[in-house]
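Data first, discussion second: the structure below is written as structure tokens.
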Amino acid sequence: MKILIVGSGGREHAIAAQAAKSKKVEKIYCAPGNAGIAQIAECVDIKAMEFDRLVAFAKEKAIDLTIIGMDDPLVGGIVDAFEAEGLRVFGPRKNAAILEGSKAFSKDLMKKYKIPTAAYETFEDADKALAYLESAKFPIVLKADGLALGKGVLICNTLSEAKDGVREIMTDKKFGDAGNRMVIEEFMTGREVSVLSFCDGKTIRIMSSAQDHKRAKDNDEGLNTGGMGTFSPSPFYTSEVDDFCKKYIYQATVDAMAAEGRKFQGVIFFGLMLTKDGPRVLEYNARFGDPEAQVVLPRMKTDMIDVMEACIDGTLDRIDLVFEDNAAVCVVLASDGYPVAYEKGKVITGLAAFDGKEDYAVFHAGTAFDKEGRIVTNGGRVLGVTAKGATLPEARANAYKATEWVSFENKYMRHDIGKAIDEA
Ligand code: AMP
Ligand code: GLY
């Protein structure tokens, strides 16, 4: 089979690496890809939102399956564009990707189908939102309705902070059109867990759990980032939690989408909070997490291409999804200064140390080739160093050892990825 992957980050590198393991796959293309993906795929200079060019490329190369990694093209309807031309593509259609694309939609869905989540109100008018805050309890959570690069959520401790937040989102349009509507919701506390799943519209198969670390600095201090590291499985995801989610959340979500005429085929990412009253849905995503994919996919034993084809064909009930009985930790190597200001173009050395080591991987997030063909830093998050181990502490020790194999000027990482597992 010829595969095309759409995206350019560490997640897409992990997807490409898994596709490369499939016996069915002869050739992988990635648009636009990066310097790491280029080692296992042919990268094509087409951006993820250039649907017409991507469709034309898939036709020209007779691509058998296109896999969409990123949220923006999914929410924008890339799957519909491929299907309209008779092309096979993995990911939800536009009318299902709205599960991630609109927080108001997903909250209303959960309310209607009694899926456990935080209490909330939706607003389309800044004055009404401001008035509502006068009698609200603090802290409170403000969410821009649409996609905002993971930044559209504000946790406000006081009334004046929350009023500023409403103005930023709805009046100043800090997150653009994503702020035409907003959700104001109850603040919850508890441990967060990411659960990824495959869905064919009827059947859902849960992948091994994971947890990410979103803040830039150790001890969860500093600014929010795209994710500084992950571990899988999460020891906090107990069989009791799993039973609860199977009963009230996973199948309920797939069935709710089907009942709304929005059959979901692809990956649903459940962002869960384990509160003292039980698991609650914080958010849905319509794709693999980044950097969750970098710890979950390397542990997957079942051929990923078979699973994706079953999602498209509606035959997921025939798939037995199996994961290795081990653990993985991913430590992100970033450019110092991320997520605010940082330098790019620093030469990266030591990457060859990962060659041929089955339990280690270095997934490229922000890398490029310079004029001399050297691999250089090209983003805030540069690399994701993943290692497996029999247990989480072993995987963590292995991952941190492997971070030393790679060097570049400005290299920055957190030193406590997976440390929370000591508390489990
Ligand atoms: P979201 O994009 O909705 O997952 O929100 C991003 C992050 O904000 C989550 O991972 C949580 O850490 C936090 N968050 C979102 N909603 C809530 C809530 N209702 N209570 C507490 N924290 C929240
Ligand atoms: N790691 C969180 C996300 O991919 O949205």
Side-chain angles (χ1 to χ4, degrees), residues 1-22 24-101 146-147 149 176-177 198 200-201 262-267 285-288 290 293 304-314 363-369 378-379:
M1 285 172 77
K2 288 190 226 166
I3 306 285
L4 169 64
I5 297 167
V6 176
S8 60
R11 167 182 49 207
E12 287 75 23
H13 194 177
I15 293 171
Q18 208 61 18
K21 283 189 203 163
S22 170
K24 291 185 167 165
V25 173
E26 330 143 36
K27 170 87 185 170
I28 306 173
Y29 296 92
C30 188
N34 63 36
I37 296 173
Q39 285 158 37
I40 48 174
E42 186 174 329
C43 292
V44 203
D45 191 16
I46 307 177
K47 295 199 181 68
M49 293 307 285
E50 294 180 294
F51 297 175
D52 291 347
R53 289 186 67 203
L54 288 169
V55 165
F57 178 82
K59 281 181 158 174
E60 181 201 319
K61 298 289 182 190
I63 299 292
D64 299 293
L65 173 66
T66 299
I67 304 168
I68 313 301
M70 299 163 69
D71 47 1
D72 281 326
L74 288 168
V75 170
I78 191 170
V79 169
D80 308 64
F82 271 71
E83 286 184 345
E85 296 293 325
L87 295 163
R88 266 168 90 76
V89 53
F90 176 78
R93 294 183 189 133
K94 186 175 182 173
N95 75 350
I98 192 175
L99 192 61
E100 170 165 9
L147 293 181
L149 300 167
D177 285 345
F198 288 103
D200 72 357
R262 297 172 182 274
K263 191 164 81 155
F264 195 105
Q265 292 169 283
V267 170
N285 294 313
R287 48 162 177 90
F288 289 99
D290 188 340
M304 181 189 74
I305 299 299
D306 287 343
V307 184
M308 290 178 168
E309 294 215 277
C311 289
I312 296 170
D313 296 333
F363 297 118
H364 292 225
T367 64
F369 291 106
N378 190 38

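Throughout, numbering of the chain's residues begins at 1 and tracks the sequence. The model shown is predicted, which means the values in this text are computed figures rather than measured ones.
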Next item on the list: State, with a plain yes or no, whether a side-chain heavy atom of Asp306 is found less than 4.5 Å away from one of Lys24.
Entry: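 Side-chain contact under 4.5 Å: yes.
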Notebook entry, point to check: Is the closest side-chain heavy-atom distance between Ile98 and Arg262 below 4.5 Å?
Noted result: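 Ile98 vs Arg262: side chains touch.
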Taking side-chain contact (heavy atoms from CB on, under 4.5 Å) as the definition, give me every residue that meets it alongside [X], ordered by chain and number, with sequence neighbours left out.
| X | result |
| --- | --- |
| Ala19 | Ile28, Met304, Ile305 |
| Asn285 | Glu100, Phe269, Glu283, Arg287 |
| Lys27 | Lys2, Tyr29, Glu42 |

Can you see which heavy atom on [X] is nearest to which on [Y], and at what distance?
| X | Y | value |
| --- | --- | --- |
| Cys43 | Pro32 | CB-O, 3.5 Å |
| Ala14 | Ala293 | CB-O, 4.0 Å |
| Gly9 | Asn34 | O-ND2, 4.0 Å |
| Val6 | Glu12 | O-CG, 3.8 Å |
| Cys30 | Ile37 | CB-CG2, 3.6 Å |

Using 0.5 Å steps for rounding, measure from the [atom1] atom of [X] to the [atom2] atom of [Y].
| X | Y | atom1 | atom2 | answer |
| --- | --- | --- | --- | --- |
| Leu147 | Asp71 | CG | CG | 5.0 Å |
| Met1 | Asp64 | CE | CG | 5.0 Å |
| Ile67 | Leu65 | CD1 | CG | 5.0 Å |
| Met70 | Ile5 | CE | CD1 | 13.5 Å |

Check: Got a sec, which residues hit ring-ring contact (aromatic ring centres under 6.0 Å, His included) with Phe363, two or more places apart in sequence or on another chain?
Finding: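 ring-ring contact (aromatic ring centres under 6.0 Å, His included) check on Phe363 returns His13.
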Item checked: Ion pair check, Lys263 and Asp200, cut-off under 4.0 Å ->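 No, this pair does not count.
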In residues 46-56, what donor-acceptor pairs under 3.5 Å come from side-chain atoms, sequence neighbours left out?
| from | atom 1 | to | atom 2 | distance (Å) |
| --- | --- | --- | --- | --- |
| Glu50 | OE1 | Lys47 | N | 2.7 |
| Glu50 | OE1 | Arg53 | NH1 | 3.2 |
| Glu50 | OE2 | Arg53 | NH1 | 3.3 |

Check: Between the side chain of Gln265 and the main-chain N/O of Ile312, is any donor-acceptor distance below 3.5 Å?
Finding: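 Pair found, side chain donor or acceptor close to backbone of Ile312.
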Can you list, pair by pair, the side-chain donor-acceptor contacts under 3.5 Å of residues 74-95, counting residues two or more places apart and other chains?
| from | atom 1 | to | atom 2 | distance (Å) |
| --- | --- | --- | --- | --- |
| Asp80 | OD1 | Lys94 | N | 2.8 |
| Glu83 | OE1 | Arg93 | NE | 2.6 |
| Glu83 | OE1 | Arg93 | NH2 | 3.4 |
| Glu85 | OE1 | Lys59 | NZ | 2.5 |
| Arg88 | NH1 | Asp313 | OD1 | 3.0 |
| Arg88 | NH2 | Glu309 | OE2 | 3.1 |
| Arg88 | NH2 | Asp313 | OD1 | 3.3 |
| Arg88 | NH2 | Asp313 | OD2 | 3.2 |
| Asn95 | ND2 | Gly261 | O | 3.4 |

